[in-house]
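Below: one structure, written as structure tokens.
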Amino acid sequence: MNNRNKAALHDNSLINTSESYEVEYWANKFGVRPERLKTAVRAVGNSAAAVAKFLNNK
């Protein structure tokens with residue numbers, strides 16, 4: 001299985017920054033650079049909802 005197939009299997013509520021395909025997926029979804037996504041996860045945790053709220057407020 002390649003990484004693109006793994007991306008389809010991710011948990012829609014959590015962001016795993018240890019997996020590059022998840023970082024790529026979520027960064028694209030939120031329209032931010034991977035570094036910005038990782039900063040948001042460090043700030044509010046790995047909940048996709050919390051990260052979305054954080055990114056929308058900045």
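In this text the structure is predicted, and so the values were computed from the model without any measurement.
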| said: As a quick check of understanding, evaluate side chain to side chain contact (heavy atoms under 4.5 Å, CB included) for Asn57 and Lys53, giving each step before the final call. | reply: CA-CA 6 Å; Asn57 288 331; Lys53 186 175 179 181; 3.6 Å; yes
| task | Report yes or no: does Glu22 contribute a side-chain atom to a donor-acceptor pair with the main-chain N or O of Thr17 at less than 3.5 Å? | result |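 Side chain of Glu22 to backbone of Thr17, a donor-acceptor pair under 3.5 Å: no, none is there.
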| request: Determine which pairs satisfy ring pair (Phe, Tyr, Trp, His ring centres under 6.0 Å) with at least one residue from residues 28-48, sequence neighbours left out, and list them in order. | output: Trp26-Phe30
| query | Are the side chains of Leu37 and Arg33 in touch, meaning some heavy atoms are under 4.5 Å apart? | reply | no
| request: Could I get the full list of side-chain contact (heavy atoms from CB on, under 4.5 Å) partners for Asn28, not counting sequence neighbours? | output: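 So Asn28 forms a side-chain contact (heavy atoms from CB on, under 4.5 Å) with Glu24.
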Solution key, residues 39-50 side-chain donor-acceptor pairs under 3.5 Å, sequence neighbours excluded:
unit_1	atom_1	unit_2	atom_2	d
Thr39	OG1	Glu35	O	3.0
Thr39	OG1	Arg42	NH2	3.3
Ser47	OG	Ala49	N	3.4
Ser47	OG	Ala50	N	3.3

